[in-house]
K.L.:
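Got a structure here, written out as structure tokens. Questions coming.
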Amino acid sequence: MQYEAPLRSGRRGRTPRRYRGCVLVRAIIQFEKSEPLRFIGHLDLLRATQRALRRSGLPVAYSQGFNPHMLVSFASPLPVGQAGSAELADVTLRAECSEQECLAALKRALPPGLPAARVRLVDDNHPKLMAMLRTASYLIGFDSELDARPILDAAPSFMKRESIKAVRVTKSGETPCDIKPMLHELAAFPALNALRARVSFTQAQTLKPDLLIRALMEFSKAGVGQSPALSETPRYGVIRTGLFGERFGQPIPLIDC
Amino acid sequence: MSNDGQRANVSGEPADKLIGRLLESVQKPARYIGGEVNACAPKKNAEVRVAFCFPDVYEVGMSHVGMRILYHRVHELSYASCERVFTPWIDMADAMRGAGISLFALESRQPVRSFDIVAFTMPYEMCYTNVLEMLDLAGIPIRSSDRTSDDPIVIAGGVCAFSPEPMHAFIDAFFIGDGEDGIVDIMEAVRGAKSAGSPRADIIRALGDIPGVYVPAYVSVEYNSDGSIARHMSGGGSPARIKRRLVADLDAAYFPDKQVVPYLEIVHDRVTLELFRGCTRGCRFCQAGILYRPVRERSVRTLVDQAARLIESTGYEELSLSSLSTGDYSDLEGLGCALRETFPDGRVSYSLPSLRLDSELGDSLERDARKNSVTFAPEAGTQRLRDAINKGVTHENALRAIRDSVERGVGSVKLYCMIGLPTETAEDIEGIARLVAGLNDEARRVARALGAGKKPPKLSISVAPFVPKPFTPFQWARQDSIEETEHKIATLRRMIPPKAASLHWHDPHLSRLEACFARGDRNMADVLERAWRLGCRFDGWTEQFKYGVWMKAFEQAGIDPSQYANRERSADEQLPWDFIDIGISKEYLLNEKLRADIGETTPDCRGGCRGCGLQAQCAVRSAASFGAAGQNPASI
């Protein structure tokens, strides 16, 4: 199997694990979590995936120990209510099978609301998806009944700012922060009444779409666009459209990292 | 039966979008989304569309095996479409009312009102207010008499349909008994009448001709001068008699080869096999043990075949071997071997949910299960009372079970007992505490003897007030008053130190209402409607149960609950469910009651027929291996 040169010291370089004499391989599965399955929680998704894998007949590897469980993980959990159009699962297999076979088996077994789009097989010592994750892209669609144009209009000048002060509200209180370093791309699509954003998504730095919209709303109230400012934030829905790693400062889809 | 979509709601938005918005603000939105693996695809142009309603939340209803069977049974008919509906939790129900969204089916999100048949299963009495809640959320008048030709036909079955009178005002037709074939008869009848253009009232009347169906509008009750029931009369002027339906051969009976795989974790989140229906033990408090007589087993071959299909089509890795008393299956060893052969990789685990203390399991599947907790149901604290209720287990059975638990390293043991059973005395209550102490001593002794890090399991004990149920030998008995029950609970709290076992008890107020509705007559419908109008719903959920409001409803209706719960019935009284013929003779039940009074046990009927009335249908009786052939039931 061919790989790009390692970027970091991950688990790459270690001897691959073995299971009953078989070399383990990992399947990275790109799938969609769409309407209405955006309403299921992460544990529900994990259970649904495990059951689908059992129905698929794929040679999924189990953990050793007293209560063996399937070796399945996800690049990043989605909050309940948020849809994802290119989510990633990571499944360890105990026997070789082609990417096409694997995808076909998954397409048969996954529920209709979780269609698989692509499978990439990697060595067992390939770094964990979560460790390579740097940014995530979102499509933020506003409801049509309230024109979101003032917010969309504000996006270009918002993006040009050197720094953007915002207040992050967490359980432990309110923390002022600068969100600009976490905002990598922001584009408006007036025809769709939507914004596309790519933001930081690491353990140290994560910019949530809600905070971005709140900051953008505040900014638009200051009156940059031609249209009069909105008094309240229009309702919007969020779709996570991609998860990215990084190579030479460029975003690379996580599945290809 | 109009086929309109959701009626224009407050904001004029399409219903689908509004539902999506409601889901963003409620707890557990996955309860309302459907779309699970093996869920049926709605057939838009089906001749008969059925909304199968369960009067509790999704996680409870999805665990109900009867609903699983009938959902697929109906949908597999070429001309029919079946969809599921559960009671929206309080937050969702209120949000739906606020947004003008009427109750919708999970699969198509079409309003329940637009279906031809709205079918409820009623598994316990405390779900009754939820039936009214669902009808109201659907925009269907809650009383049958207020419904018009546009409304669906509302039918109901399940264990509560055996004593249907408290619900008679709200249900157009009840189905009593095993539903696998009866539901098809109902479907055929509605299909035929619909295509012939019959009016709704005629369709409902025609349902009354189907065996097992009770149409309350065409059965009247005659009363004696003192207000007690004289008899139930059919429309034709003859005494009404509704015979329950019985599926004689479970191997031949319908059983789906798939099971909906929910996203949410439901109460019984596993594949369920029904090993057999019925029970031969004859515990005198147990309603299911009588209602589902005679015992009808599925063969090992059928069960293994069903298990293989279900495990394959669901991806579950746990299999529940369910029945009223799984240890009594005639070939548990054989079933265990066959299942291990079918699933050789050890990935499938087994649960045996109802095992008796005295079951001889030997090298059975239960040994595979690495269970950290086990449950025993001695039901009563003394041998005398266990004999009176015909539970049959002995103190030695309990001691052996606890020894076994210590040896297997079980972490906790749960005990179930009832209080307020007929013939109970103070000594029997103290007996519960003595039983706990005895089990603790034995557990400690065995743990010490075994050494090697074996610890005695933690004991917990749940006590439930006795609820007299129709069609049991105790159907005439009185229930303790709340004060009596509370006194007994206080005694147990005093006698069982927290160190010995943690004591839990079922709310006596809730048990009192269960007793009122289990043995209720037509007058209870009024109480029920008032309670629901006063805001009662989800009564089975302790934190939602409002006893004070219920008492207000009784008061408004001018009905004294103690007349239902705490009054001993005389043997010659006409009981509200006497017109339902389940095949068990009243003489048999009465005889069992008398035997309880004198503390006489009645052995398991596999050892010889006890003449309950079902001899003609009973395979247990004819089975030569039980040696029952020569016995004359009359001599017992």
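Numbered from 1 within each chain, the chains take letters A, B, ... in sequence-line order. What you see is a predicted model, and the numbers here were worked out from it, not measured in a lab.
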K.L.:
Checking side-chain polar atoms at under 3.5 Å, does A:Y236 have a donor or acceptor matched by the opposite partner on A:N193?
P.N.:
no

K.L.:
What residue, out of B:N38, B:V261, B:I311, has the most heavy-atom pairs lying under 4.5 Å from chain A?
P.N.:
B:V261

K.L.:
Angle class for the B:Y58/B:F86 ring planes (parallel below 30°, perpendicular above 60°, tilted otherwise)?
P.N.:
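Answer is perpendicular, since the angle exceeds 60°.
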
K.L.:
Give the C-alpha distance, both sets of side-chain angles, the deciding distance and a yes or no for side-chain hydrogen bond (donor to acceptor under 3.5 Å, both in side chains) between A:T170 and A:S172.
P.N.:
CA-CA 5 Å; A:T170 61; A:S172 47; 3.1 Å; yes

K.L.:
Using the side-chain hydrogen bond (donor to acceptor under 3.5 Å, both in side chains) rule, take B:E317 and B:S349 through it: C-alpha gap first, then chi angles, then the decisive distance, then the call.
P.N.:
CA-CA 6 Å; B:E317 49 185 16; B:S349 64; over 6 Å; no

K.L.:
Just checking, B:R31 and A:F39: is the charged tip under 6.0 Å from the six-membered ring centre and within 45° of the axis?
P.N.:
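No, B:R31 does not lie over the aromatic ring of A:F39.
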
K.L.:
Can you list the steps and then say if A:T241 with A:S85 is a side-chain hydrogen bond (donor to acceptor under 3.5 Å, both in side chains)?
P.N.:
CA-CA 5 Å; A:T241 51; A:S85 58; 5.2 Å; no

K.L.:
Between B:E407 and B:K454, is the closest basic N to carboxylate O distance under 4.0 Å?
P.N.:
no

K.L.:
Pull out the residues in residues 100-114 of chain A that come under 4.5 Å of chain B, heavy atom to heavy atom, sorted by number.
P.N.:
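Only A:P111, A:P112 of residues 100-114 of chain A have a heavy atom under 4.5 Å from chain B.
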
K.L.:
Please flag which part of B:E312 lies under 4.5 Å from any non-hydrogen atom of chain A: side chain, backbone, both or neither.
P.N.:
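Backbone only.
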
